[in-house]
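To start, the structure itself, in structure tokens.
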Amino acid sequence: MADAATNGAASGPRPIIEIDRVSKVYRMGDVEVHALCGVSLTINEGEFIAVMGTSGSGKSTLMNTLGCLDRPTSGTYRLGGEDVALLTPGELAEIRSRKLGFVFQSFNLLSRTSALENVELPLIYAGVSSRERRRRALESLAHVGLADRAGHHPSQLSGGQQQRVAIARALVSRPKVILADEPTGNLDSRTSVEIMALLQELWRSGITIALVTHEPDIAQYAARLIVMKDGVVQRDERHEPIVAVVP
């Protein structure tokens with residue numbers, strides 16, 4: 001009986017992100033800006049969370065911390081069980097390429113390269129062979145419905161298509177977590193729903209999704225809402241997400 005209980009516990013949700021009493025202080029001249037103030041947060045594998053807050057609330061600093069782009073001033077951050085504070089810059093770069101995928105508001109695509117080449121980029125940095133890069137990049141573009149746009153440059157794509165390329169680029173490294181910073185910020189309402197439908201599809205496939213948004217209607221597509229204010233978590237609640245249906 002004890003063994004069965006132990007096995008049941010082992011098969012429960014596992015944390016992928018654990019931050020414990022994390023603070024981040026920036027110094028601007030003689031002034032200290034406390035962007036995060038003792039934040040503790042656990043995100044389990046397979047969760048879809050939205051982080052909201054006004055400008056200066058700490059939501060972007062939190063996202064940068066989760067993405068290993070910023071080191072906390074104090075506190076502990078474990079990503080997949082690894083304490084990132086103990087990692088060298090090279091090891092941090094490796095963990096980002098191995099476990100994290102990034103999607104940005106401004107797409108961050110290289111304008112003079114094709115969609116395929118943009119998606120291949122993370123794999124070049126990872127030292128993947130050209131044949132394998134191409135195979136995986138085409139697979140990722142097909143996953144977001146853009147296999148027929150592989151040779152197009154960003155200027156030949158709509159805003160929604162560019163964001164799909166950006167999501168394909170985030171997917172190509174097969175990350176555990178996708179961090180999306182205002183992924184619908186530059187898109188119209190219909191295209192925003194299309195992107196949220198794609199993120200929900202990825203979430204249902206088992207990928208952990210964390211997005212920052214200032215739009216309450218976009219946050220409703222996530223299954224958990226975290227509201228930041230003055231560097232602390234003001235609210236943390238789970239709800240039944242709205243299913244994104246493209247009109």
Side-chain angles (χ1 to χ4, degrees), residues 5 7-24 35-68 72 75-82 84 99-103 105 167 170-171 175-185 187 189 192-246:
N7 291 337
S11 63
R14 294 187 301 176
I16 183 71
I17 287 171
E18 301 166 276
I19 61 174
D20 183 30
R21 293 170 290 179
V22 162
S23 294
K24 181 64 180 180
L36 295 177
C37 306
V39 174
S40 295
L41 183 67
T42 297
I43 301 172
N44 291 324
E45 290 181 346
E47 282 203 272
F48 188 172
I49 74 162
V51 181
M52 289 191 65
T54 57
S55 179
S57 64
K59 64 183 187 297
S60 294
T61 303
L62 176 63
M63 187 64 80
N64 286 341
T65 300
L66 299 184
C68 300
T76 304
Y77 173 28
R78 293 183 180 276
L79 175 61
E82 294 185 79
V84 300
K99 293 188 176 180
L100 302 173
F102 297 89
V103 179
Q105 177 178 348
I167 292 172
L171 284 174
K176 298 290 187 183
V177 181
I178 287 181
L179 301 173
D181 190 359
E182 299 280 5
T184 61
L187 305 176
S189 298
S192 294
V193 175
E194 291 176 356
I195 294 303
M196 294 313 299
L198 177 55
L199 290 177
Q200 283 190 336
E201 177 190 334
L202 298 176
W203 166 50
R204 293 189 189 99
S205 75
I207 297 175
T208 306
I209 310 280
L211 72 85
V212 165
T213 182
H214 66 277
E215 302 173 271
D217 55 332
I218 292 298
Q220 293 303 306
Y221 293 110
R224 182 179 175 189
L225 175 63
I226 295 168
V227 179
M228 301 287 297
K229 183 177 182 180
D230 297 331
V232 301
V233 175
Q234 186 181 48
R235 280 193 291 141
D236 183 352
E237 56 193 33
R238 289 175 170 82
H239 58 259
E240 188 66 28
I242 295 174
V243 177
V245 178
V246 180

Output every pair passing salt bridge (Lys or Arg N to Asp or Glu O under 4.0 Å) with a member in residues 204-215, not counting sequence neighbours, ordered by first then second residue.
none
Which pairs, with at least one residue in residues 48-58 and sequence neighbours excluded, count as a salt bridge (Lys or Arg N to Asp or Glu O under 4.0 Å)?
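Matches after skipping sequence neighbours: none remain.
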Please identify each residue that fulfils side chain to side chain contact (heavy atoms under 4.5 Å, CB included) with [X], with sequence neighbours left out.
| X | result |
| --- | --- |
| V245 | V243 |
| S23 | S74 |
| S57 | T54, K59, M228 |
| D181 | V212 |

Results of side-chain hydrogen bond (donor to acceptor under 3.5 Å, both in side chains) for [X] - residues two or more places apart only:
| X | answer |
| --- | --- |
| R238 | E47 |
| E182 | H214 |
| K99 | E82 |
| E237 | R235 |

Separation between [atom1] of [X] and [atom2] of [Y], rounded to the nearest 0.5 Å:
| X | Y | atom1 | atom2 | value |
| --- | --- | --- | --- | --- |
| I195 | L211 | CD1 | CG | 12.0 Å |
| R14 | T42 | CZ | OG1 | 14.5 Å |
| I16 | N44 | CD1 | CG | 9.5 Å |

Within the side chain of W203, is there an N or O that forms a donor-acceptor pair under 3.5 Å with the backbone of T208?
no
With sequence neighbours excluded, residues passing ring-ring contact (aromatic ring centres under 6.0 Å, His included) with F102
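Not a single residue meets the ring-ring contact (aromatic ring centres under 6.0 Å, His included) criterion with F102.
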Among all residues two or more places apart in sequence or in another chain, which pass the salt bridge (charged side-chain N to carboxylate O under 4.0 Å, His left out) test with D217?
none
Which atom names give the shortest non-hydrogen contact between L187 and P183, and what distance separates them?
CD1-O, 3.7 Å
